[in-house]
A.B. asks: 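Let me give you the structure first, and then I'll get to my questions.
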There are 2 protein chains.
Amino acid sequence: MRRDSRLSRMLHVLIHMDRHYKRATSDTIAQMLGTNAVVVRRTMAGLRKQGYVHSEQGHGGGWELARELTDISLFDVYQAIGAPPLFAIGPSVEQPECLVEQAVDARLNDALQEAETLLLERFRSVTVADIAQDFDACFAEHTHHT
Amino acid sequence: MRRDSRLSRMLHVLIHMDRHYKRATSDTIAQMLGTNAVVVRRTMAGLRKQGYVHSEQGHGGGWELARELTDISLFDVYQAIGAPPLFAIGPSVEQPECLVEQAVDARLNDALQEAETLLLERFRSVTVADIAQDFDACFAEHTHHT
DNA sequence: TTTTTCTGTAACAAGACGGGTTACGTGTAT
DNA sequence: ATACACGTAACCCGTCTTGTTACAGAAAAA
C-alpha cells in the first residue's frame, strides 16, 4: 500500500458502469477492482455526495451513474474522494521560526505549487469520457488486432 | 509523519553549515532541526556518499561541507537522499489486464509524469546557494526591519 | 593507555495512513 | 418473513518516515 489509488479506482469504476453495467452492486464492483465491497462503498460515498453516482438499497439495488461521463472531470473525481494530498514530500514544519528554514520552504513550496497547479490543470481538462474513448480505441485495436 | 521532510531538512542543514558553522556535530545539527542525532547521521549519509559533505569521527569530529553551495542543486540533494517517491497518489496496480484500467492509468501517469518533469526541472534549476541568498536578503530585511 | 567525544549502524517502537475485514443496522423487493 | 444490498463503525495489517536505544569503531585528549 504505497500510493493512494482511490482516484484511479473510481475512474475505473465510472467507465465500467457507463460501458458495461446499467447498475452494479458493491460486490460486483469490488470483484472488478480486486478489492472489498466495503471499500467500494466507502470510496464511492464521496462520489454519491457530489451527485456523480446514485445508490439504492435493498433487493435489486446497487450503484448507477447519475451524470454523463462528459460532465465529470478527473478533478471532480479527485475532489469527490476528498482531495487527498498529492505530494509525498514537503517542508518539515508549518511555521518555522528559523529564517533559513523559511527560505528553504518558500522555494520548495514554490516548486511544489507549480507542479500542483499543472497537475490539477490537467485533471480539470480531462473528462472521464475522454478516458472512456481511449478505452474504446484501445479495445477496437485489441479485438481486430491488425 | 505525513510528508517526507528529508529534502527540506538537508537543504536547511547545508545552508546553516555554510553560513554559521565550519564544522558541526550531529548533535548540534539535530538540535537545529529539532530532531535526533541518529536521524541526522542516517539522512546525511546519502549526502556524504555523493561527496557533498564530509564527516570525521572521534574527538573534534563532525560534519563539514565538501562543496560550494553553488555546485549543489535541489535535484542533487533530492537524489542524494535516495530520490523518494514524489507523489502520494497513483495507479493501483502495476500491470493491469483490464483495458479500462490501462486507459485510466495511462492518462493518470501522463499527468503525473508532466508534473514530475516540471518539479524536477525546478529542482535542477535551483542551487542551494540560491536559497542561501534568499535567506541573506530576508535576514537583512529582518535586522534592519525598515 | 585509558577516557572522552565523535561517527556508523543495527534494531526496534511510535504514529500516520491507505486498505482489508468483520459486524451490525437499515431499507426494499420478493 | 426473508433474502438482498447499502451505510457505517470498529478493528487489524502493511508500509513508510521518524524517533530512540544500544553498541561498535575511530580519533583526540588526559
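Below, chain A is the first sequence line, B the second, and so on; all start at residue 1. Since the structure is predicted, the reported quantities are computational estimates derived from the model, not experimental observations.
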A.B. asks: Has B/Arg41 got a side-chain N or O lying under 4.0 Å from the OP1 or OP2 atom of C/dT9?
C.D. replies: no

A.B. asks: Can you figure out which of C/dT4, D/dT18, D/dC6 approaches the side chain of A/Thr25 most closely?
C.D. replies: D/dC6

A.B. asks: Rounded to the Å, how far apart are A/Met44 CE and C/dG19 P?
C.D. replies: 15 Å

A.B. asks: The side chain of B/Thr35 lies closest to which of these nucleotides: D/dT18, C/dT7, D/dG19?
C.D. replies: D/dG19

A.B. asks: Please work out which of the three classes, parallel, tilted or perpendicular, describes the rings of B/Phe135 and B/His20, given edges at 30° and 60°.
C.D. replies: perpendicular

A.B. asks: Within the structure, does a side-chain N or O atom of A/Arg3 lie under 4.0 Å from either OP1 or OP2 of C/dG18?
C.D. replies: no

A.B. asks: Would you mind telling me which residue lines up with the more 5' stretch of DNA chain C, A/Glu56 or A/Gly34, judged by nearest nucleotide?
C.D. replies: A/Gly34

A.B. asks: What is the separation between atom CD1 on A/Ile89 and atom C1' on D/dT18, rounded to the nearest whole Å?
C.D. replies: 17 Å

A.B. asks: Choose from C/dG18, C/dA29, D/dA10 the nucleotide whose nearest atom is closest to any side-chain atom of A/Arg42.
C.D. replies: D/dA10

A.B. asks: CD of B/Glu68: more than 12 outside heavy atoms within 6.0 angstrom?
C.D. replies: no

A.B. asks: Would you mind reading off the distance between B/Leu33 atom CG and D/dG19 atom C1', rounded to a whole angstrom?
C.D. replies: 13 Å

A.B. asks: To the nearest angstrom, how far is A/Asp4 atom CG from C/dA16 atom C1'?
C.D. replies: 13 Å

A.B. asks: Would you mind telling me which of D/dA5, C/dT21, C/dG8 lies closest to the side-chain atoms of A/Val39?
C.D. replies: C/dT21

A.B. asks: With DNA chain C as reference, determine whether B/Asp27 or A/Gly58 sits nearer its 5' end, using the nearest nucleotide of each.
C.D. replies: B/Asp27

A.B. asks: Using a heavy-atom cut-off of 4.0 Å across all strands, would you classify B/Arg23 as base, sugar-phosphate, or nothing?
C.D. replies: nothing

A.B. asks: Quickly work out the A/Gln31 CD to C/dG20 C1' distance and round it to whole Å.
C.D. replies: 15 Å

A.B. asks: Any link between B/Leu69 and B/Phe139 through a network of hydrophobic side chains (Ile, Leu, Val, Met, Phe, Trp, Tyr) touching at under 4.5 Å?
C.D. replies: yes

A.B. asks: Taking NE2 from A/His59 and P from C/dT26, how many angstroms apart are they, rounded to a whole number?
C.D. replies: 21 Å

A.B. asks: Considering only D/dT17, C/dG19, C/dT9, which nucleotide approaches the side chain of A/Ser5 most closely?
C.D. replies: C/dG19

A.B. asks: Given side chains that start at C-beta, do those of B/Trp63 and B/Ser26 come closer than 4.5 Å, heavy atoms only?
C.D. replies: yes

A.B. asks: Please tell me which of the listed nucleotides, D/dT21, C/dT7, C/dT22, lies nearest to the side chain of A/Val38?
C.D. replies: C/dT22

A.B. asks: A/Glu116 side chain to A/Leu86 main-chain N or O, any donor-acceptor pair under 3.5 Å?
C.D. replies: no

A.B. asks: Which whole-number value in Å describes the distance from A/Leu47 CG to D/dC6 C1'?
C.D. replies: 15 Å

A.B. asks: Considering heavy-atom distances to DNA chain D, does B/Gln57 or B/Pro84 have its closest nucleotide positioned more toward the 5' end?
C.D. replies: B/Pro84

A.B. asks: Give a yes/no answer on whether the side chain of A/Ser26 brings an N or O atom under 4.0 Å of OP1 or OP2 in D/dA5.
C.D. replies: no

A.B. asks: Can you tell me how far C1' of C/dG8 sits from CD1 of B/Ile29, to the nearest Å?
C.D. replies: 15 Å

A.B. asks: With the side chain of B/Ser55 defined as its heavy atoms from C-beta on, choose the nearest nucleotide among C/dT28, C/dT7, D/dT20.
C.D. replies: C/dT7

A.B. asks: Choose from D/dA10, C/dT22, C/dT5 the nucleotide whose nearest atom is closest to any side-chain atom of A/Asn36.
C.D. replies: C/dT22

A.B. asks: Give a yes or no answer on whether the side chain of A/Ser73 reaches the backbone of A/Asp76 with a donor-acceptor pair at less than 3.5 Å.
C.D. replies: yes

A.B. asks: Select one nucleotide: of D/dG19, D/dC16, C/dT9, the one nearest the side-chain heavy atoms of A/Arg2.
C.D. replies: D/dC16

